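These notes are about the structure you will find just below.
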Amino acid sequence: MIDLKKLAADPDAYRRSLAKRGAESVDVDGVLKAQQDVTQLTQEYEQLRVQSKELTRRAARDEALRAQARDLRDQQTELETRLRQAREELNAKASWLPNYLDDRVPAGDESDNTVIRAAVLPDTDRTYRPHDEIAQGLGILDTERAAKLSGSRFYVLKGDGVRLRMAMFQLYLDMVEGQGFELVSPPVLAKRFSFYASGYLPFAQSDNFGIADSELSLTGTSEQALLAMHADEVLPELPVKYLGDSMCFRTEAGSHGRDVRGMMRVHQFYKLEQFLYCAPDEVEALHLQMLDNEVAFIDALNVPSQTIICSSGDVAAPGFFKYDVEAWFPANQTFRELTSNTNLTDYQTRRAGIRTRIDGKMVHPYTISATGFCDRHIAALLENNQNDDGSVTVPEALRPYLGGREVLRPVG
RNA sequence: GGAGGCUUCGCCUAGUCCGGUCUAUGGCGCCGCACUGCUAAUGCGGUUUGGGUUAAUCGCCCAUCCGGGGUUCAAAUCCCCGAGCCUCCGCCA
């Protein structure tokens, strides 16, 4: 939710932001009108309440006034109904307003993303095999059996694949030691409200798996839980930093035929998420700190990567400013998104009713949602650290967490 | 699945039986001031949140006692539905 007072004060500033998103169809005037209606009805209602309260006070000792008081109450009830309807209309409309965009966000689609840190690619003409072939060779990935079990866009991760995931988990914890993160493993089933609060609903209605005969859906990221679990709270101090540990579930609606092979775009994957609440004046520094964590981790996996500022078309509705880190996938000679790091300003905390006191004033804290690592990192690691015989050299940083092993060898 | 208890403005709490200055009590914490020759003690005052009014402050007004609905001139208080927490029993990884 954006700040409606700020919107009313300068609608054109918001319209410019919408234009950059290509979202001119959003009904700004309708929201402003609905807001005025609510304000006006509220004032009328309050005036009636004053009269009603006064009359009630006197009616306590004077039965003759009770008929009159009853009449006033009925008027009040009627006005209350209209006020409630006006509020509902305002909420329904306002929930469709995306966040403002930072001035630094380039207008356009994916092709307009701005590279702010270039990758250092290996100077070689050797050929690389795609990560899924390497993984199958190592016997750590089984997509055929996953298809029998669950269908397409799933994988069974086995043996050293699971160990790699656990090793990465431990390495990540050690690398961000001292930064004040609390490790949290939240539920992956959440109520509708949680998806609304985090800004996924109503925009991305079809992205999540619902549970039949239940209000619950599977979360696409622990971000949704780490936000909603603090709904309606006043946070005593900032920043609050979490590492969210969870499986993530996504329908991948609208991505038919893209990345159907391997581990890149699936219905279920593991992710360790960096999620934090902070004061507005510390958001820039923390945003960069999260980015540094991501890059340092990917570097530690010996995976070349570049950092980009995402263009307007690549920033989801609740986002204000987003960095992506893209890993080099040498088999296809292409960069693919590995991590995503968004400053969401107070958009989510407004929706969730999360506040904090800064200099004695109640304000909505800012949130940052940034990937720590996820299963895609395994794919990037395998593809970039493969050897010609199909084995994979374990990056040095990971070796202590894999019993000192230096190489993962193909089976049979 | 069964039975019972609980939910009050940061935390704890009075008030609910029997509706009416409840305009919600007190303590802790916090803030301000005063005092004391120390960042101790004490005293006085303030301290829910959201909205409205205002250029803004002060003030004033409206709402707010887990959520929703109902009864009533009037609801923290009575009735109904729901949520959450707790205890005991049952069942079960």
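By convention in this document, chain letters (A, B, ...) are assigned in the order of the sequence lines, proteins followed by strands, and residues within each chain are numbered from 1. What you are looking at is a predicted structure, and each value in this text was computed from that prediction instead of being measured.
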### Query
Between Arg357(A) and G10(B), does any side-chain N or O lie under 4.0 Å from OP1 or OP2?
no
### Query
Are Phe297(A) and His377(A) close enough that their ring centres sit under 6.0 Å apart?
yes
### Message
Tell me whether the NZ or CZ atom of Arg104(A) lies within the 45° cone about the ring axis of Phe321(A) and under 6.0 Å from its centre.
### Response
yes
### Task
Could you tell me the separation between the CG atom of Leu48(A) and the P atom of C73(B), rounded to a whole number of Å?
16 Å
### Message
Tell me the interatomic distance from Asp232(A), atom CG, to G50(B), atom P, rounded to whole angstroms.
### Response
12 Å
### Length of the CD-P vector between Glu54(A) and A74(B), whole Å
15 Å
### Query
Using the P atom in both, what is the distance from C78(B) to U8(B), to the nearest Å?
16 Å
Between the protein and nucleotides 76-79 of chain B, list every N/O to N/O distance that falls short of 3.5 Å.
none

### Message
Counting only side-chain heavy atoms from C-beta out, which of C73(B), U49(B), G52(B) sits nearest to Arg355(A)?
### Response
U49(B)
### Query
Contact class for Lys191(A) vs. all strands (heavy atom < 4.0 Å): base, sugar-phosphate, or nothing?
nothing
### Task
Grab the CZ-P distance between Arg66(A) and G20(B) for me, whole Å please.
14 Å
### Message
Any strand counts, and the cut-off is 3.5 Å on both contacts for Watson-Crick or G-U wobble. Which nucleotide pairs with A3(B)?
### Response
U87(B)
#### Entry: Rounded distance in Å between the C1' positions of G10(B) and C62(B)
24 Å
### Message
Please report the distance separating the C1' of G50(B) from the corresponding atom of C38(B), rounded so that it comes out in whole Å.
### Response
44 Å
### Message
Using the P atom as the point on both nucleotides, what is the distance between C17(B) and A75(B), in whole Å?
### Response
15 Å
### Task
Could you check how far CD of Glu233(A) sits from P of G84(B), rounded to whole Å?
17 Å
### Query
Taking the C1' atom of each, how far is A55(B) from A63(B), in whole Å?
26 Å
### Message
On RNA chain B, compare the nucleotides closest to Thr56(A) and Met362(A); which residue's is nearer the 5' end?
### Response
Met362(A)
### Query
Hey, does Arg70(A) reach any base, or is it just sugar-phosphate, or nothing, if we go heavy atoms under 4.0 Å?
sugar-phosphate
### Task
Identify whether NZ of Lys or CZ of Arg in Lys6(A) sits under 6.0 Å from the centre of the six-membered ring of Tyr100(A) and within 45° of that ring's axis.
yes
## Note on the structure
U49(B) -> Watson-Crick or G-U wobble partner, both distances under 3.5 Å, gives A63(B)
Just the atom pairs and distances: protein N or O near nucleotides 55-62 of chain B's N or O, under 3.5 Å.
residue : atom : partner  : partner atom : Å
C62(B)  : OP1  : Lys53(A) : NZ           : 3.4

### Query
Cut-off 3.5 Å, side chains only: do Ser311(A) and Asp112(A) have a donor facing an acceptor?
no
### Query
Roughly how many Å is it from CD in Gln76(A) to C1' in A75(B), rounded to a whole number?
14 Å
### Task
Write down the distance separating the C1' atoms in U7(B) and C65(B), rounded off to the nearest Å.
10 Å
### Asp3(A) with Lys5(A): basic N within carboxylate O range, under 4.0 Å
no
### Task
For Asn91(A) and G50(B), give me the distance from atom CG to atom P, rounded to whole Å.
17 Å
### Message
Any strand counts, and the cut-off is 3.5 Å on both contacts for Watson-Crick or G-U wobble. Which nucleotide pairs with G20(B)?
### Response
C73(B)
### Task
Taking the six-membered ring for Trp and the single ring otherwise, decide whether the centroids of His287(A) and Phe320(A) are under 6.0 Å apart.
no
### Message
Rounded to whole Å, please give me the gap between CG in Asp71(A) and P in A74(B).
### Response
12 Å
### Task
Before accepting this row, confirm whether a basic side-chain N of the pair Arg15(A)/Asp29(A) lies closer than 4.0 Å to the acidic partner's carboxylate O.
yes
### Side chains of Thr345(A) and Asn99(A), donor plus acceptor under 3.5 Å
yes
### Query
Base, sugar-phosphate, or nothing for Ala59(A), non-hydrogen atoms under 4.0 angstrom?
base
### Query
Rounding to the closest angstrom, what is the interatomic distance between U25(B) and U13(B) at atom C1'?
9 Å
### Task
Would you indicate what Arg87(A) reaches in the nucleic acid, counting non-hydrogen atoms under 4.0 angstrom: base, sugar-phosphate, or nothing?
nothing
### Query
Strictly under 6.0 Å, is that where the ring centroids of His267(A) and Phe249(A) end up?
no
### Message
Taking 4.0 Å as the cut-off, does a side-chain nitrogen or oxygen of Gln68(A) come that near to OP1 or OP2 on C73(B)?
### Response
no
### Query
Quantified in whole Å, what is the C1' atom distance between nucleotide G20(B) and nucleotide U77(B)?
11 Å
### Task
Only one of Gln274(A), Gln224(A), Glu223(A) passes side chain to side chain donor-acceptor pair (under 3.5 Å) with Ser369(A); say which it is.
Glu223(A)
### Summary
Re G32(B): Watson-Crick or G-U wobble partner, both distances kept under 3.5 Å, found to be C44(B)
### Complementary nucleotide of A93(B), counting Watson-Crick and G-U pairs under 3.5 Å
none
### Query
Centroid-to-centroid, Tyr128(A) to Phe329(A), below 6.0 Å?
no
### Query
Within the side chain of Asn385(A), is there an N or O that forms a donor-acceptor pair under 3.5 Å with the backbone of Leu301(A)?
yes
